[in-house]
Amino acid sequence: MAASNRDKPRLEGLEAKWDAKWEASGIYHFAAGKPRHEVFSIDTPPPTVSGSLHVGHVFSYTHTDTIARYRRMSGMEVFYPMGWDDNGLPTERRVQNYYGVRCDPSLPYDHTFKIPADAGNATRRKQLAVSRPNFIELCQLLAAQDEKVFEGLFRRLGLSVDWTRTYETINDDSRLVGQLAFLDNLAAGHAYQVEAPSLWDVTFQTAVAQAELEDREVPGAYHRLRFSIVGPDWVRSDSALTGVCTDTRSADAHEIWIDTTRPELVPACVALVAHPDDDRYRSYFGRARAITPVFGVEVPILAHELADPDKGTGIAMVCTFGDTTDVTWWRELDLEARTVIGRDGRFVLEAPDWIAAADGRAAYARLAGLGVRSARSAIVEIFAESADMHGKPRPITHPVKFFEKGDKPLEIVGSRQWYIRNGGRDAELGAALIKRGSEIDWVPSYMQTRYRSWIEGLNGDWLISRQRFFGVPIPLWYPLDADGEPIHGQPIVPSADELPIDPCTDVPVGYDESQRGEPDGFVADPDVMDTWATSSLTPQIACGWRRDAELYASTFPMDVRPQGHDIIRTWLFSTVVRAHFDADTVPWRVAAISGWILDPDRKKMSKSKGNALVPTELLERYGADAVRYWAASGRPGTDTAFDEGQMKIGRRLAIKLLNASKFAGGFATLDESTNANDSVTLNATTHSVSISPWLITATTDKSMLARLADLIDAATEAFEAYDYARALERIEAFFWWFTDNYMELVKPRAYGEFGPDRAASAVQGLRLALSNIQRLFAPFLPFVAEEVWSWCNDGSIHVEAWPTPAPLRHVAGDIGADVCEVAAEALSAVRRTKSEARCRLRTPVPRAKFSGPSHRLSLLSSVIEDVKAAGVIESVEMLADVNDLTNITVDARLEPPDTQPVSKTNQPTSGADPSPT
RNA sequence: GGGCGUUUAGCUCAGUUGGUCAGAGCACCUCCCUUACAAGGAGGGAGUCGGGGGUUCGAAUCCCUCAACGCCCACCA
């Protein structure tokens with residue numbers, strides 16, 4: 001280490017310097033072959049690389065890194081891989097925008113395809129149609145670029161990831177694992193396909209799963225519509241009419257009014273439903289039938305518990321399908337399916353055959369081809385013309401289900417989809433999965449509640465098939481019958497050694513390509529799996545499941561899954577499901593849940609709100625250690641306010657560590673200086689400076705070490721509980737006490753005021769303490785800790801042993817932590833007296849009187865030499881004061897300062913008597 | 001509608017089984033260029049611990065209740 005670097009230690013440049021050295025030395029590489037109990041394996045969250053970098057990445061990944069570094073120093077072989085989530089819709093969408101293309105699966109692969117010249121800046125209105133294989137290539141290309149950006153940030157942040165162990169959720173390995181696991185699930189009956197109504201995003205033209213839904217409050221309106229009543233069995237009952245529609249005063253009782261927010265779905269109406277106990281409608285059930293307005297379709301009037309008598313008129317129109325309740329009614333009441341909205345979200349062009357009346361068909365013609373919103377306007381006009389709508393639509397705001405990534409309300413359409421069982425239709429499986437949750441240690445513990453309540457609220461199995469392109473393909477083909485129709489019940493399953501496959505380009509054994517799509521030939525399952533179907537296998541992907549038995553045995557089940565609380569229902573839950581099926585175990589022992597970053601308004605920071613900050617700017621401004629300090633002060637699971645002030649404090653802390661280390665290393669001890677005359681600076685070329693604990697003889701030094709030992713216990717205990725924030729808080733508090741009090745107390749002695757032996761004790765005490773303090777800070781401030789460590793040691797601090805208290809207690813012997821605390825308190829009292837007298841701290845004190853309880857005074861007397869020297873006190877008097885049970889107070893007689901204090905208002909304010917007379 | 005969390009100084013937050021628990025840092029004010037550190041250092045003022053009840057010798061801490069904020073979930077016609 002060049003001495004010049006130590007003259008004025010700086011933080012600038014440390015990140016590039018040490019990142020390069022860590023990369024070169026490979027200290028974070030996982031050494032395979034260790035037994036499971038010596039390995040600490042981390043299921044790192046693969047960031048969505050198509051998203052933008054934001055401070056949230058810095059925040060939660062730092063938490064994990066502190067844990068990883070702690071475990072590494074504690075002697076564990078840390079398995080800390082990094083995945084990139086490039087699979088799925090976000091990448092597709094980014095590729096579309098970035099290159100100005102869209103995927104057209106009907107096109108053949110274009111070998112001559114060239115990347116559009118305006119990539120990154122594509123503003124063409126008309127997107128270029130490209131084949132599915134070309135589109136996937138673009139996805140992979142762009143994802144690879146994006147991954148570099150993320151890796152750059154994470155390296156800059158100092159994550160101790162093993163960068164030789166990265167994976168992409170779309171790479172061959174992930175596809176292999178995803179397809180193997182799927183085929184396992186299929187063979188075991190955990191995966192199945194069914195033709196059923198499912199939630200459908202009309203923009204992305206894909207089915208979506210329950211876990212991907214979110215409710216949004218949107219404006220809507222109630223429309224009160226008239227249905228006529230017919231039926232040979234129906235006997236009119238006046239009582240039955242009471243309240244049916246109090247505000248229409250209809251003289252004709254042969255009608256029912258319903259309120260709906262989806263009037264455009266009247267052509268898809270299949271029934272009216274009211275509560276079985278509702279006296280207003282009871283007489284209709286099973287006897288009368290209703291005629292839909294305008295369209296003239298006859299539908300039954302039925303009873304069902306889910307109908308809410310207090311909503312609208314108490315009777316609901318069942319359509320196929322307006323919402324999930326419609327699906328329930330459709331299924332439980334065994335109703336027909338009358339679909340009018342196609343997969344593109346538009347009304348089908350052909351008038352449905354169940355609408356027989358000419359008026360009805362004419363009315364439908366006005367809806368054909370329209371989107372939902374336009375159709376709603378159109379039908380309101382139609383009903384207004386026919387006088388089947390009472391009054392005007394009554395505006396309301398109501399929650400509507402959206403795909404979390406979409407911006408149009410979801411529709412429900414019937415389609416054939418693949419599902420994996422997740423307990424949503426099987427109480428026994430649900431209970432087993434809830435029990436798995438109890439086998440995991442949750443940090444913080446209350447997060448388990450979210451997991452449990454999500455499972456308890458499931459209303460169906462996990463829909464995994466997506467009608468998209470950039471994902472892991474469902475690895476199946478279907479035989480075609482003589483008419484060219486697929487036989488879905490007899491899928492053609494590839495063998496494991498064929499995987500991964502893309503059935504759209506690969507051909508099943510026993511067929512050849514010419515038979516694709518031909519009668520008696522085969523056809524590919526065109527779908528890909530949902531991105532969570534791959535992400536749910538991150539432990540299997542990272543740990544080498546079915547590919548590397550040794551790695552798998554030493555890393556799985558993993559130790560910890562760090563993640564945000566917003567994806568407990570998706571990533572966490574689905575991972576538990578897969579491990580339950582694949583390995584009959586939980587995937588990890590601990591789930592460490594991070595909170596979110598809130599901006600100063602206590603809103604979640606997000607790009608859409610325009611308040612997200614670019615993390616690279618923060619790293620530039622404050623340095624990685626400072627940003628990590630801020631991140632690590634956010635407690636597990638707790639949402640944390642974005643606070644640049646904390647980064648400033650972190651920066652100051654890092655600088656303090658530099659300077660304190662420089663001071664401690666800047667002395668030559670007796671044994672070292674014998675050959676170097678009276679040199680007082682550490683030989684700049686000497687590495688591996690020895691620490692000689694046996695030279696520590698002074699009570700102050702021993703007591704400080706006892707206090708440090710207590711700190712190590714506290715920090716270790718906090719880390720074992722995954723509470724990095726508590727560990728940091730304790731370490732930091734000790735360190736400031738150490739610099740402000742201990743270092744000031746021993747400074748005169750270290751400079752030799754009491755002779756070489758006493759100096760050696762101080763210097764060795766400083767060195768031993770700093771050696772421990774540097775290691776305690778290493779998980780939080782890896783760059784500055786490595787820098788200061790390198791001044792006196794060979795090798796990286798990050799593979800040094802985590803401090804243990806026993807050696808320090810051995811040195812301390814029977815001296816307790818309380819001695820130096822009393823000394824610090826006495827010194828502080830002296831300083832206060834001087835400060836209140838507006839004197840310099842170097843002002844000599846001719847006589848100081850310390851008063852306090854006798855047991856504390858006796859502790860003080862054992863270290864009074866250091867207190868006198870640090871306080872520049874010439875003589876001391878001690879007065880036991882039984883009234884003052886706790887505190888040391890000082891009555892110092894101060895001489896006139898060498899120079900007059902700057903302030904003119906030289907007024908003592910309390911306690912001390914600074915009068916110079 | 002159900003559930004989870006939060007509420008302590010102007011700000012950001014500690015406060016572990018009830019008893020040195022009224023704390024830290026920032027900000028503010030005063031002083032100090034001191035041989036690790038002026039991007040420093042030494043001091044100081046500042047809070048009805050969200051409100052109300054209760055248990056206890058004693059409550060920021062335990063119980064009940066209310067309120068505000070945030071989040072999760074819910075069948076939203």
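From a predicted model like this one, the values you see are computed outputs, not experimental measurements. Proteins come first, then strands; the chains are lettered A, B, ... in the order of their sequence lines, and each starts at number 1.
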Every protein N/O lying under 3.5 Å from an N/O of nucleotides 72-74 of chain B:
from: B:rC73; atom 1: OP1; to: A:Arg569; atom 2: NE; distance (Å): 3.2
from: B:rC73; atom 1: OP1; to: A:Arg569; atom 2: NH1; distance (Å): 2.3
from: B:rA74; atom 1: OP1; to: A:Gln210; atom 2: NE2; distance (Å): 3.1

Atom pairs, N/O to N/O, protein against nucleotides 16-19 of chain B, distance under 3.5 Å?
from: B:rU16; atom 1: O4; to: A:Arg726; atom 2: NH1; distance (Å): 3.4
from: B:rU16; atom 1: O4; to: A:Arg730; atom 2: NH1; distance (Å): 2.4
from: B:rU16; atom 1: O4; to: A:Arg730; atom 2: NH2; distance (Å): 2.7

Grab the N/O contacts between the protein and nucleotides 37-40 of chain B below 3.5 Å, and write none if there aren't any.
from: B:rC37; atom 1: O4'; to: A:Asn659; atom 2: OD1; distance (Å): 3.4
from: B:rC37; atom 1: O4'; to: A:Asn659; atom 2: ND2; distance (Å): 3.4
from: B:rC37; atom 1: O2'; to: A:Asn659; atom 2: ND2; distance (Å): 3.4
from: B:rC37; atom 1: O2; to: A:Lys656; atom 2: NZ; distance (Å): 2.9
from: B:rC37; atom 1: N3; to: A:Lys656; atom 2: NZ; distance (Å): 3.2
from: B:rA39; atom 1: N1; to: A:Arg651; atom 2: NH2; distance (Å): 3.3

Each nucleotide N or O in nucleotides 60-64 of chain B that has a protein N or O under 3.5 Å away: list the pair and distance.
none

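Residue contacts shown for A:Thr449 are limited to sugar-phosphate atoms, with no base heavy atom under 4.0 Å away. Looking at heavy-atom distances under 4.0 Å, A:Ile649 makes contact with sugar-phosphate atoms alone, never a base.
Residues from residues 261-276 of chain A with heavy atoms under 4.0 angstrom of RNA chain B, sorted by number: A:Thr261. Against RNA chain B, the stretch residues 303-311 of chain A makes heavy-atom approaches under 4.0 Å through A:Leu306, A:Ala307, A:Asp308, A:Lys311.
Considering only residues two or more places apart in sequence or on other chains, A:Lys311 meets the side chain to side chain contact (heavy atoms under 4.5 Å, CB included) condition with A:Asp308. Under the side chain to side chain contact (heavy atoms under 4.5 Å, CB included) criterion, A:Glu332 pairs with A:His304, A:Thr328, not counting sequence neighbours. In terms of the side chain to side chain donor-acceptor pair (under 3.5 Å) criterion, A:Glu404 has no residue partners (sequence neighbours excluded). Taking A:Asn459 as the reference, nothing meets the side chain to side chain donor-acceptor pair (under 3.5 Å) condition, with sequence neighbours excluded.
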Side-chain atoms of residues 314-325 of chain A: list all donor-acceptor pairs with protein atoms under 3.5 Å, sequence neighbours left out, distances to 0.1 Å.
from: A:Thr320; atom 1: OG1; to: A:Arg338; atom 2: N; distance (Å): 2.8
from: A:Thr320; atom 1: OG1; to: A:Arg338; atom 2: O; distance (Å): 2.7
from: A:Asp323; atom 1: OD1; to: A:Thr325; atom 2: N; distance (Å): 2.9
from: A:Asp323; atom 1: OD1; to: A:Asp326; atom 2: N; distance (Å): 2.9

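For RNA chain B, runs of at least 3 consecutive pairs of the Watson-Crick or G-U wobble type, with both hydrogen-bonding distances under 3.5 angstrom, map to B:1-7 with B:67-73, B:10-13 with B:23-26, B:28-32 with B:40-44, B:50-54 with B:62-66.
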